[in-house]
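Chain identifiers are assigned alphabetically (A, B, ...) following the order of the sequence lines, protein sequences preceding nucleic acid strands; residue numbering begins at 1 within each chain. Bear in mind the structure is a predicted one, so any value in this text is a computation, not a measurement. Values reported hereafter were calculated over all heavy atoms of this structure, with side chains retained and with hydrogens, waters and symmetry mates removed.
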Amino acid sequence: MDDDTGALPQKGDFSAWYNDILWRAEIMDVRYPVKGLYVWYPYGFAIRKHVYGQLRNLLDRDHEETLFPLLIPEQEFMKEAEHIKGFENEVYWVTHGGTTPLEVKLALRPTSETAIYPMYALWLRSHADLPMKYYQIVNTFRYETKQTRPLIRLREITSFMESHTVHATWDEAEAQVEYELALTCEFYDDLCIPIIISKRPDWDKFPGADYTMAVDAIMPNGKTLQIGTVHHLGEHFSKTFSITFEDKNGEQKFASQTCYGISERCIAALISMHGDDKGLILPPIAAPVQAVIVPITIGKRHEDVLAAAEKLKNVLIAAGFRVKIDTRDMRPGAKYYWWELRGVPLRLELGPRDLDAGKVMAVKRTGEKTQIELATVTDEIPRVLGEITATIRAKAEEHTKAHLCTVASMDALGAALNEGKVAVVSWCQQKGCGDVIEEKTNASILGTNARSQYVSATEGVCIVCGKPGKATLVGRTY
RNA sequence: GGGGUAGUAGGGUAGCCUGGUCCAUCCUAGAGCGUUUGGGACGCUUUGACGGCGGUUCGAAUCCGCCCUACCCCA
């Protein structure tokens, strides 16, 4: 049966697995007839809802959610020189209203700095207004020329969380960068996704930023996926857009700013990091269905079992869990496979035998069966879900650890990369040596100041020129 | 950025070179009926397609042109 055409490709063939899981588990439908645009299935959208719900929970501690327009007038968009250079080849332009050419072209936001900051200039008056910390979760458009990929490289990013903060000083903005990195760590820890933080090299920083801190995850095939960035914008944009405030001494000062983004790539990482040959594995926090009850209804006990399953469902829902009961006319085994494919963390099998014993069979998606007393389910389920989360997290950490290493020479770097690893090397931070590293290994310098609990970042001499260098992350990227 | 391969029903394929009545086949695809139900049940009935536009032709899934889309490899 496994070699039937209906089977999911092995996770080992990650690219094939990823393409298949998206529609088999009903996450994205890639058949929308425009390049780089994809459709969220309801189930995928439900995952998105819970993931972004968690992101909102974290941000709402001290950010406020807002919403800015999708369209940006050309003159605003064109104000910041570096920013334009970075995005001009990727911008969609609205040029007509009906059949009438527009006098002012309108850009579909590729990111919202130039939509938001003119308004910030109006809103900011005094030091008492600071800091300002707002975010929005919106779609953005980028005319990608590279090959597009669902959830990873899109022409319409459907789920872009962008936070834009304003501060009185550069140092305060820097503190905010660190704060937002910590927030990102917490978010990904909730999703059981191990991350590595590094400072992007100058040539790879956000157009218009002083510096960019990036968050990467290591995918199953060893390629890295950038799943978050935090930018220190310094005064680049505040000078361009006149975002000034009157300080305590009555003087006008330029503000310092940060911006920070996370997109649906977080869901690509979630799916890829935890799934296996059978399908998705969702951490309970992100699972639209945390537990599915499969009633085993045979012959005369049919009604009894169904009633008990219904009761169990109601008890669990009342206790705050996301639970479904599967009463479809299918064999139990077929249901098991169906829910496993969709990554439901816990399956509760309830049949006559269990009923007689006053128990329910709990089967973890991570692979372990236990019996639970029906009388105490509401105490037991959180414990079991917690164990599932811990197992998922541990497995992801193991994978990440196994794909990280420290090397001290170009040869060793090449070998490590070819084994599908991400390596920490010492690099002098000169562009020339950086180019040598990237060209010879066909990889990218992710960043310096690599921070990870899984690998020690040692200082040493540059593996190209031998001058003093800094710990630098090198990998093949998505 | 450069190259390659491909698009046939919900999914997977054959047919294409060499145009021909009927456009086939498989599936844990759909609809319907019945028997089933502790790890992917089965029988019968049935639905449905040649990526799009244009061209050649008496006739196009097949030949030609343009476009769209997808996947793979290399920089």
Side-chain angles (χ1 to χ4, degrees), chain A residues 1-9 13-39 41-43 89-90 143-156 221 223 276-279 292-306 308-309 325-342 344 346-357 359-365 367-372 414 417-418 434-445 476-478:
Chain A
M1 80 188 172
D2 288 329
D3 52 2
D4 275 348
T5 53
L8 181 69
D13 183 359
F14 176 65
S15 192
W17 181 91
Y18 184 79
N19 288 334
D20 248 54
I21 194 80
L22 289 175
W23 65 266
R24 284 186 193 276
E26 295 182 302
I27 300 159
M28 304 295 294
D29 196 329
V30 302
R31 293 172 300 181
Y32 192 78
V34 179
K35 182 179 166 69
L37 311 198
Y38 307 95
V39 181
Y41 278 111
Y43 188 71
N89 290 325
E90 305 190 351
Y143 189 76
E144 290 287 350
T145 50
K146 287 188 176 176
Q147 188 179 330
T148 52
R149 218 180 271 280
L151 298 176
I152 290 177
R153 190 177 300 282
L154 309 155
R155 284 189 170 176
E156 180 187 4
N221 59 3
K223 283 191 181 182
D276 66 8
D277 289 348
K278 289 182 175 178
V292 62
I293 301 168
V294 180
I296 310 297
T297 56
I298 310 171
K300 294 171 190 162
R301 305 292 299 278
H302 196 100
E303 299 299 326
D304 287 355
V305 171
L306 271 187
I325 179 164
D326 189 348
T327 56
R328 289 176 300 171
D329 183 19
M330 290 164 68
R331 309 281 292 231
K335 292 181 186 178
Y336 300 164
Y337 285 106
W338 199 88
W339 290 104
E340 280 166 0
L341 176 62
R342 284 161 181 75
V344 172
L346 187 63
R347 179 174 76 241
L348 299 172
E349 304 174 12
L350 190 64
R353 293 206 292 264
D354 307 294
L355 219 48
D356 291 340
K359 294 182 175 175
V360 62
M361 183 63 80
V363 185
K364 298 177 187 172
R365 179 63 178 81
E368 194 191 330
K369 273 190 179 186
T370 49
Q371 281 199 317
I372 291 180
L417 290 165
N418 287 332
D435 288 345
V436 171
I437 290 172
E438 294 197 334
E439 279 162 27
K440 283 205 174 167
T441 60
N442 187 24
S444 302
I445 290 182
R476 302 217 163 106
T477 63
Y478 259 105

Checking contacts here: which listed nucleotide ([options]) is nearest the side-chain heavy atoms of [X]?
{"X": "A:Glu340", "options": "B:G39, B:G38, B:C72", "value": "B:G39"}
{"X": "A:Tyr336", "options": "B:G38, B:G39, B:C71", "value": "B:G39"}
{"X": "A:Lys35", "options": "B:A70, B:G38, B:C72", "value": "B:A70"}
{"X": "A:Tyr38", "options": "B:A70, B:C72, B:G38", "value": "B:A70"}

>> Between A:Arg328 and A:Asp326 (salt bridge meaning N to carboxylate O under 4.0 Å), is one present in this structure?
In response: yes
Euclidean distance for [atom1], [N] against [M] (whole angstrom):
{"N": "B:G7", "M": "B:U62", "atom1": "C1'", "result": "15 Å"}
{"N": "B:U57", "M": "B:C64", "atom1": "P", "result": "16 Å"}
{"N": "B:G1", "M": "B:G40", "atom1": "C1'", "result": "46 Å"}
{"N": "B:G48", "M": "B:C23", "atom1": "C1'", "result": "12 Å"}
{"N": "B:C72", "M": "B:A31", "atom1": "C1'", "result": "38 Å"}
{"N": "B:U8", "M": "B:G52", "atom1": "C1'", "result": "14 Å"}
{"N": "B:A14", "M": "B:A61", "atom1": "C1'", "result": "12 Å"}
{"N": "B:C44", "M": "B:U5", "atom1": "C1'", "result": "42 Å"}

> Which residue lies toward the 5' end of RNA chain B, A:Arg155 or A:Pro352, if each is placed at its nearest nucleotide?
Replying inline: A:Pro352
> Which residue lies toward the 5' end of RNA chain B, A:Leu37 or A:Arg31, if each is placed at its nearest nucleotide?
Replying inline: A:Arg31
Rounded to the nearest Å, what distance is computed from the [atom1] atom of residue [X] to the [atom2] atom of nucleotide [N]?
{"X": "A:Ile293", "N": "B:G38", "atom1": "CD1", "atom2": "C1'", "value": "17 Å"}
{"X": "A:Arg24", "N": "B:G11", "atom1": "CZ", "atom2": "C1'", "value": "8 Å"}
{"X": "A:Arg347", "N": "B:G39", "atom1": "CZ", "atom2": "C1'", "value": "8 Å"}
{"X": "A:Lys335", "N": "B:U37", "atom1": "NZ", "atom2": "C1'", "value": "8 Å"}
{"X": "A:His302", "N": "B:G38", "atom1": "NE2", "atom2": "P", "value": "13 Å"}
{"X": "A:Asp326", "N": "B:G40", "atom1": "CG", "atom2": "P", "value": "15 Å"}
{"X": "A:Met330", "N": "B:G40", "atom1": "CE", "atom2": "P", "value": "12 Å"}
{"X": "A:Trp338", "N": "B:U28", "atom1": "CH2", "atom2": "P", "value": "18 Å"}

Under 4.5 Å between any side-chain heavy atoms of [X] and [Y], yes or no?
{"X": "A:Arg353", "Y": "A:Met361", "value": "no"}
{"X": "A:Arg347", "Y": "A:Lys335", "value": "no"}
{"X": "A:Arg149", "Y": "A:Ser15", "value": "yes"}
{"X": "A:Leu151", "Y": "A:Tyr18", "value": "yes"}
{"X": "A:Val294", "Y": "A:Trp338", "value": "no"}
{"X": "A:Asn418", "Y": "A:Arg476", "value": "yes"}
{"X": "A:Asp304", "Y": "A:Leu355", "value": "yes"}
{"X": "A:Trp23", "Y": "A:Arg31", "value": "no"}

Just name whichever nucleotide pairs with [N], Watson-Crick or G-U, keeping both distances under 3.5 Å, else none.
{"N": "B:G59", "value": "none"}
{"N": "B:A24", "value": "B:U13"}
{"N": "B:C50", "value": "none"}
{"N": "B:C71", "value": "B:G4"}
{"N": "B:C33", "value": "B:G43"}

> Are A:Tyr337 and the base of B:G40 stacked, counting only ring centres nearer than 5.5 Å and planes tilted under 30°?
Replying inline: yes
> Roughly how far apart are A:Ile21 CD1 and A:Met28 CE, rounded to 0.5 Å?
Replying inline: 14.0 Å
> For nucleotides 42-51 of chain B, read 5' to 3', which letter fits each nucleotide if B means a protein heavy atom sits under 4.0 Å from the base, S means only the sugar-phosphate is that close, and - means neither?
Replying inline: ----------
Counting the atoms with a prime plus P, OP1 and OP2 as sugar-phosphate, which does [X] contact under 4.0 Å by heavy atoms, base, sugar-phosphate, or nothing?
{"X": "A:Asp329", "result": "base"}
{"X": "A:Glu439", "result": "nothing"}
{"X": "A:Glu438", "result": "nothing"}
{"X": "A:Arg328", "result": "nothing"}

Check nucleotides 2-7 of chain B for protein N or O atoms closer than 3.5 Å to its own N or O atoms and list the pairs.
none

> Do A:Asp354 side-chain atoms and A:Ala357 backbone N/O form a donor-acceptor pair below 3.5 Å?
Replying inline: no
> How are the rings of A:Trp17 and A:Phe14 set to each other: parallel, tilted or perpendicular (split at 30° and 60°)?
Replying inline: parallel
>> Under the rule for salt bridge (charged side-chain N to carboxylate O under 4.0 Å, His left out), what residues qualify as partners of A:Glu156, not counting sequence neighbours?
In response: none
> OP1 or OP2 of B:G1 sitting under 4.0 Å from any side-chain N/O of A:Thr145?
Replying inline: yes
> Is the phosphate of B:C74, meaning OP1 or OP2, less than 4.0 Å from a side-chain N or O of A:Asn442?
Replying inline: no
> Considering only heavy atoms and no angle criterion, is a donor-acceptor pair shorter than 3.5 Å present between the side chain of A:Gln147 and the base of B:G1?
Replying inline: no
